Amino acid sequence: MISFKLWYIVILVILFINTDRFIKINAEAKNSGFIQRELNLDSSDKLKNIFVGSIVGGISHLNPMLEISKILKDRGHNVTLVAPGNFTAKSTLYHSIPQIIIGEPPNPHDSMFKKIIFNKYTFKVLAGIIEAVVAEKYTKHFNDYLQAYKEIKADLFFCDYLGNWACFDLAWKLNKPVVVFVNTLSFLDYNFLPPFISDPLMDCRVNMENESLYNRFMCAIVQRLRVTWLLRNSFNTLNYKSAEIGVSKYGDIKERLANTLILVDSFIGFEVSFAWPPLLQEIGPILPDIFPNLTSDLELFLSTHPRVMYISLGTSVYLTQENTAILLQSAIELINQNILDGVIWATARFNESELPSTVTLSNGDVIPILNLLNNLYPHFHITKFAPQFAILSHENTKVYLGQGGVGSSHESMYTATPMLVLPVAYDQLANAEKLELTGMALKLSKIDLKVDDIKSKVIRLMNEESFKMNAKRMQVLAKFNSKRKYRGADLIEMLMNLAKCEGVMNEDNELEIDNRVLLRHWITPDSRMGFIRGKYLDVFGVAVIISIALVSCLGYVFYKTIKFVYKKLLPRDENMRKSPLKRKNE
Ligand SMILES: *[C@@H]1O[C@H](CO)[C@@H](O)[C@H](O)[C@H]1NC(C)=O
Ligand SMILES: *[C@@H]1O[C@H](CO)[C@@H](O)[C@H](O)[C@H]1NC(C)=O
Ligand SMILES: *[C@@H]1O[C@H](CO)[C@@H](O)[C@H](O)[C@H]1NC(C)=O
Ligand SMILES: *[C@@H]1O[C@H](CO)[C@@H](O)[C@H](O)[C@H]1NC(C)=O
Ligand SMILES: *[C@@H]1O[C@H](CO)[C@@H](O)[C@H](O)[C@H]1NC(C)=O
């Protein structure tokens, strides 16, 4: 053992000496027989058309995909967004990316979304959305995408994961390479995740590490079966409709996804850690390189208020009147108690008619909401436009009260701002738990929101050093990992070049590939080996049988030995014990 370690050290030392020498040689010998290695695959490679598809639209949802699209565009590809709403034309950062508009984006003030936002959000509710928005509209989405494809003549599909089966099915149908993008692991089908990762939507925790056997059984088996049951109609509809379109010959949707490269805008540390399958690639957090500066108003407010809480619930969710009043009351009372000295409230797409008209404080004071909205309250700054990243980056922003969307969570980690999370719907509940597990955040409950709870949690976030320390730790992870958007673009280019190697020309002179085998090098062999061989149950079974046999043999030999020894020693005793009887008989 010792000699092995010694050898190891000797080899390491030799290696180090050698690399050191090599670097020196390399520097000295620039002009003596060395040639630059070719970094790019083939500079004569002609440009490619990339189809970026989403049925969701919306700023915070599409930004990360467009950030990668921008990198691909800078590398010379033609990228076109196909999504609802007039988005890129109105966006400052992404107006260079043309968009084909397919319908209106979902309106968060629609009655269906109102119900989601005002009530408890569970998997049952989500299953309802999937059925109404995705399964029922599958054929429409498919045809919209097909129309757009004909305009773009895409060589590769880059599909948003969320409810977007039509996008990857079109790619499979057309035999084009496809890369899927997902904003967080919580959106993914649980088939991708190990049993110790679950979700609050199923009344479970994101990390089941310390849960009882009962809870782990419920979450790993019962709730997963329940989810399958709740989604049965949607999947039946989807499978039926995709069979009509003719993609069912490639297996069902789950099998198709299992052969597709999925880029995840997230990182371990924020996500609960587990060994990722090779086709799931971490590339987040994706953030733009530039961000809007503070307005002079905000700059003045922040620089004159050293203890500011920033409140923003993003653009896709909002609160009930009662909860808004509770939030404002807590904020005002925290200022009155001199815990905070300023509050910035960003009301991006706020509907003023849905606000409470007054806020009543615990001491009986009544504050008309109009006074707040007109910024008559000197410690309150209410704004429609919030340069969020700049606000979070400011050293005087001490706490961020947000809804816990993925983008906002990434920004708060990147800027090391402790968070008070008030999740409303979607992945926000899971994100809130993940943020709390990092130790940089606390969470609130929208169905049981209390002034005292908010106040005590803000006080903890301001006073306990651990929140800031953990936020700084997350900042390190977020900063280093934020460079991986280029890796995301690399992976997409890699797939396009793989397709070029494997593709065959069809009669329309278009390159076609087989998505079932394009990524075969990334498929772990166990998935081809079947359940028993793949999990090595046969081998372990044999090992167990051999162990049992060995133990039994040993046991038998031991038993025989003992018996033998016992017999050898026993006769004298037996004679002695038997002797009185014998004597009697005699
Ligand atoms: C990319 O877009 C430009 C402008 O729309 C077009 O002229 C060019 O042909 C496109 N490239 C490819 C490879 O289709
Ligand atoms: C999208 O918005 C841009 C900029 O506001 C405008 O010029 C364009 O006409 C809009 N397109 C559609 C289809 O509404
Ligand atoms: C579970 O308990 C262990 C030991 O107390 C602790 O280190 C770990 O962080 C806990 N995990 C979770 C998810 O709470
Ligand atoms: C940002 O804005 C503030 C005030 O509005 C200004 O003082 C500052 O110089 C700006 N920063 C940059 C980098 O432009
Ligand atoms: C604001 O709320 C009112 C009343 O609920 C509604 O009629 C109106 O359409 C809403 N406005 C927006 C922009 O959603």
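Just follow the structure's listing: the first ligand is 1, and inside any ligand the first atom is 1. Every value quoted in this text rests on a predicted model; they were computed, and no experiment measured them. Note that the numbering runs from 1 along the sequence shown for the chain.
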- request: Kindly determine whether Asp297 and Thr295 satisfy side chain to side chain donor-acceptor pair (under 3.5 Å), including the steps that lead there.
  value: CA-CA 5 Å; Asp297 282 5; Thr295 56; 5.3 Å; no
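- Near Ala89, the atoms of ligand 2 lying under 4.0 angstrom from a non-hydrogen atom of the residue are 1 (C), 2 (O), 3 (C).
- For ligand 4, the 4.0 Å heavy-atom shell takes in Asn293, Leu294, Thr295, Ser296, Glu299, ordered by chain and residue number.
- Side-chain rings of Phe113 and His109 stay apart, their centers remaining 6.0 Å or farther from each other.
- A donor-acceptor pair under 3.5 Å is absent between the side-chain atoms of Arg487 and the main chain of Ile283, judged by distance alone.
- Less than 4.0 angstrom separates some heavy atom of Asn210 from each of these atoms of ligand 3: 1 (C), 2 (O), 3 (C), 8 (C), 10 (C), 11 (N), 12 (C), 14 (O).
- Relative ring orientation between Phe267 and His410 is described as tilted, the plane-to-plane angle lying within the 30° to 60° band.
- Cation-pi geometry between Lys434 and Phe270 is met: under 6.0 angstrom from the ring centre, within 45 degrees of the axis.
- Of all the atoms in ligand 2, the ones that sit under 4.0 Å from a non-hydrogen atom of Ile101 are 13 (C).
- Ion pair Arg484/Glu282 flagged as a salt bridge, since at least one NZ, NE, NH1 or NH2 atom sits closer than 4.0 Å to an Asp/Glu carboxylate oxygen.
- The shortest N/O to N/O separation between Glu209 and ligand 3 falls below 3.5 Å.
- Looking at Asn431, its side chain does come within 3.5 Å of a backbone N or O of Gly404 through a donor-acceptor pair.
- Note: no N/O pair closer than 3.5 Å links Lys90 and ligand 2 by distance alone.
- Aromatic ring centres of Phe187 and Tyr161: separated by at least 6.0 Å.
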